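Okay, so here's the structure we're looking at.
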Number of protein chains: 2
Amino acid sequence: MNEREELIRDIPLLARLPEDDVRALASRGRVRSYASGTVIFQEGDPGDSLYIVIEGSVRIVVSSAKGEEATVALLGPGECVGDLALLDGRPRSASAIAAEHSRALVVTREEFSRWLTQRPKAAFALLETLSLRVRRTDEALTDFAFLDLAHRLAKRLLDLANAQRDVQARGALAPGARIRTTQAELGSMLGASRESVNKQLNMFAREGWIALSRGSVTLLDPEALRTFA
Amino acid sequence: MNEREELIRDIPLLARLPEDDVRALASRGRVRSYASGTVIFQEGDPGDSLYIVIEGSVRIVVSSAKGEEATVALLGPGECVGDLALLDGRPRSASAIAAEHSRALVVTREEFSRWLTQRPKAAFALLETLSLRVRRTDEALTDFAFLDLAHRLAKRLLDLANAQRDVQARGALAPGARIRTTQAELGSMLGASRESVNKQLNMFAREGWIALSRGSVTLLDPEALRTFA
DNA sequence: GCCGCTATGTGAAGTGCTTCACAGTAGGCA
DNA sequence: TGCCTACTGTGAAGCACTTCACATAGCGGC
């Protein structure tokens with residue numbers, strides 16, 4: 001199994017597939033590089049490809065009528081960008097921007113759907129994964145309705161730490177997990193201002209739950225954060 | 001085509017299926033009745049059936065740690081309750097309560113998955129539909145991040161009017177559409193208090209866009225509402 | 001080593017929504 | 001018929017978060 005195949009095995013959208021299916025898909029892709037800041041695709045574009053991040057990271061961004069931006073997701077190696085467009089044929093609902101120098105495996109719509117029709121079992125795995133995704137989004141939605149910024153922030157920090165752990169080793173969440181993100185970024189993920197996020201982070205820091213430094217947040221006491229959230 | 005089959009043709013989850021697939025699924029179901037207020041299933045229950053509303057309506061409700069409730073969805077005839085659990089095997093993420101006297105077609109997990117394995121094309125249709133659903137939820141999420149109550153409320157009123165239209169005749173959205181819901185219900189859908197919703201509705205009414213009465217909202221000028229939202 | 005950019009930290013004023021408190025009203029039902 | 005309950009309408013006080021304004025600090029490039 002080569003680099004590409006190993007990679008695909010780990011991506012959430014496809015993780016549940018049998019190995020030969022994965023191999024077949026990997027063989028169809030083409031690797032491309034993106035410099036930091038490159039726009040991979042923009043909101044409204046026709047969605048004709050799937051991108052699987054190999055290295056680096058990709059920000060998924062939506063923008064409001066007034067030009068504000070919200071970061072919907074930050075995807076790292078092994079994760080999947082632009083999968084929905086391949087399944088339903090709709091235009092992109094968000095833009096994707098390389099957050100650092102990144103490489104991705106690009107699979108076109110034709111390649112993907114040829115692959116999918118040849119492997120009916122893959123469709124079941126995808127159904128399962130998509131439905132898990134609906135659940136997660138629904139949960140985020142109710143969090144918005146019920147929780148204040150402090151609690152949403154705590155949850156998000158744990159999520160981000162977990163996502164990083166998934167990509168690297170997959171042990172339990174150890175104290176000391178370091179999340180690389182700016183406070184402005186966190187704000188845009190949480191639908192809050194940078195200033196509010198800063199004040200809240202400093203409260204957590206005063207509790208001794210996290211440590212702050214330029215460009216990153218370190219979880220000192222994930223357990224405490226979890227009970228709080 | 002009998003009542004059951006006609007019904008299934010119109011449900012969002014299954015609408016894109018070929019007719020014989022629909023017929024096959026309909027034949028497997030069993031019709032059940034629920035008195036107003038009956039709990040059909042509860043958050044945390046194992047999810048072993050799919051419910052397709054035949055008549056009446058069903059509220060999908062999640063509750064927070066503090067016991068507050070939010071109405072995630074209000075599903076009418078032709079809509080699908082508890083579909084996710086069948087696809088991913090997870091427990092119910094929300095409760096379903098009959099909002100009035102209702103009847104539903106119940107399909108068990110075994111029946112559903114036997115049906116699905118026999119019909120590979122159905123899986124593609126479901127993938128497409130589910131991915132549309134992810135998009136809608138994502139949109140709701142960004143609305144929460146960007147929009148204030150007034151705009152979210154305007155959008156929701158239009159959505160509700162559209163959903164009703166889908167179920168009845170499927171023409172354009174005519175002025176005069178009447179939405180049956182209390183203001184408390186609207187609040188719980190929007191993550192806002194009843195009082196705020198009331199004040200906002202009255203602002204819309206003063207503009208002449210809607211008319212209020214006990215237990216319902218009537219859209220007088222959907223176009224104006226749309227440009228506002 | 002210094003300049004300039006970007007990120008962080010923090011206070012003051014403003015705003016949108018909540019909660020509370022209460023008054024009015026429509027409709028179901030005894 | 002009249003009562004009771006659920007829904008609607010509204011003002012006042014409070015709170016969470018925003019916006020604005022500015023100070024400070026790390027870091028890369030020259």
Side-chain angles (χ1 to χ4, degrees), chain A residues 35-37 59 64 66-71 74 97 99-101 143-154 156-157 178-207 210-218 228, chain B residues 35-37 59 64 66-71 74 97 99-101 143-154 156-157 178-207 210-218 228:
Chain A
S36 175
R59 285 203 309 144
S64 76
K66 291 203 289 289
E68 304 152 288
E69 283 192 346
T71 301
L74 193 62
I97 300 173
E100 45 189 316
H101 174 84
D143 283 353
F144 245 113
F146 286 137
L147 269 41
D148 64 4
L149 176 58
H151 291 82
R152 294 206 311 277
L153 176 57
R156 175 64 64 156
L157 289 175
R178 182 141 157 277
I179 302 162
R180 317 199 104 278
T181 178
T182 68
Q183 297 177 1
E185 264 291 318
L186 277 173
S188 114
M189 292 184 211
L190 294 164
S193 70
R194 192 215 25 108
E195 293 90 331
S196 303
V197 169
N198 175 280
K199 282 161 193 169
Q200 198 53 60
L201 283 173
N202 276 303
M203 294 199 184
F204 290 161
R206 272 191 280 279
E207 298 284 343
I210 61 173
L212 299 177
S213 67
R214 184 189 175 82
S216 77
V217 177
T218 308
F228 173 79
Chain B
S36 177
R59 286 203 311 144
S64 77
K66 291 202 290 286
E68 305 153 289
E69 283 193 346
T71 301
L74 194 62
I97 301 171
E100 46 188 316
H101 174 84
D143 283 353
F144 244 114
F146 286 137
L147 269 41
D148 62 4
L149 176 59
H151 290 83
R152 295 207 309 279
L153 176 57
R156 175 65 65 158
L157 289 175
R178 181 140 158 277
I179 302 161
R180 313 201 105 279
T181 178
T182 69
Q183 297 176 3
E185 263 292 318
L186 277 172
S188 116
M189 294 187 209
L190 293 164
S193 69
R194 190 210 36 103
E195 293 89 331
S196 302
V197 169
N198 175 281
K199 282 162 192 168
Q200 198 53 61
L201 282 173
N202 277 303
M203 294 204 185
F204 290 162
R206 272 191 281 279
E207 297 284 343
I210 61 174
L212 299 177
S213 69
R214 185 188 175 83
S216 77
V217 177
T218 309
F228 173 79

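Letters A, B, ... are given to chains in the order of the sequence lines, protein chains preceding strands, and every chain is numbered from 1. Please read all numbers here as calculations on a predicted model, not as lab measurements. Below, each value reflects all heavy atoms present in this structure, side chains not excepted, and no hydrogens, waters or symmetry copies.
- Put simply, B:Gln183 has no side-chain N or O that comes within less than 4.0 Å of OP1 or OP2 on D:dA6.
- For A:Val197 and B:Lys199, each mapped to the nucleotide of DNA chain D holding its nearest heavy atom, the one lying further toward the 5' end belongs to B:Lys199.
- Comparing B:Gln200 and A:Ala184 against DNA chain C, the residue whose closest nucleotide sits nearer the 5' end is A:Ala184.
- Looking at the side chain of B:Arg214, the nearest of the listed nucleotides C:dT8, D:dG9, D:dC7 is D:dC7.
- For C:dT8, neither phosphate oxygen OP1 nor OP2 lies less than 4.0 angstrom from any side-chain nitrogen or oxygen of A:Asn202.
- At whole-Å resolution of the value, CG in A:Leu190 and C1' in D:dT18 are 15 Å apart.
- Going from atom CG of B:Leu201 over to atom C1' of D:dT10 covers 14 Å, rounded to whole Å.
- Applying side-chain contact (heavy atoms from CB on, under 4.5 Å) to A:Arg156 and the options A:Leu190, A:Asp143, A:Thr181 leaves one that passes, A:Leu190.
- Counting non-hydrogen atoms under 4.0 angstrom, A:Gly187 reaches nothing in the nucleic acid.
- Put simply, CZ on A:Arg206 is 10 Å from P on C:dG9, counting in whole angstrom units.
- Rounded to whole Å, atom C1' of D:dG9 lies 17 Å from atom CZ of B:Phe204.
- If you measure from atom CZ of B:Arg180 to atom C1' of C:dG27, you get 12 Å, rounded to the nearest angstrom.
- Atom CE of A:Met203 and atom P of D:dC17 are 10 Å apart (whole Å).
- Remark: the backbone N or O of A:Leu147 is paired with a side-chain donor or acceptor of A:Arg152 at under 3.5 angstrom.
- Of the listed nucleotides (C:dT18, C:dT10, D:dC7), C:dT10 has the atom at the smallest distance from the side chain of A:Arg194.
- One interatomic measurement links the two molecules: CZ of A:Phe146 to P of C:dC17, which rounds to 18 Å at whole-angstrom precision.
- Residue order along DNA chain D, read from the 5' end via each residue's closest nucleotide, puts A:Asp148 first among A:Glu195 and A:Asp148.
- When only modelled atom types and interatomic distance are considered, B:Arg59 and B:Thr71 share a side-chain donor-acceptor pair under 3.5 Å.
- Counted by atom type alone, B:Ser216 and B:Arg178 present one or more donor-acceptor pairs between their side chains at under 3.5 Å.
- Taking side-chain N and O atoms only, B:Asn198 has a distance below 4.0 Å to OP1 or OP2 of D:dG9.
- Across all strands shown, B:Thr182 has heavy atoms under 4.0 Å from sugar-phosphate atoms exclusively, and none from any base.
- When the side-chain nitrogen and oxygen atoms of B:Ser193 are compared with OP1 and OP2 of C:dT18, one or more of them lie within a distance under 4.0 Å.
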- prompt: Between A:Leu186 and A:Ile179, does a side chain to side chain contact (heavy atoms under 4.5 Å, CB included) hold up when you go through it step by step?
  reply: CA-CA 11 Å; A:Leu186 277 173; A:Ile179 302 162; over 6 Å; no
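- With rounding to whole Å, B:Leu212 atom CG is found 14 Å from C:dA26 atom C1'.
- In the set C:dT8, D:dT8, C:dC17, C:dC17 carries the atom at the smallest distance from any side-chain atom of B:Leu149.
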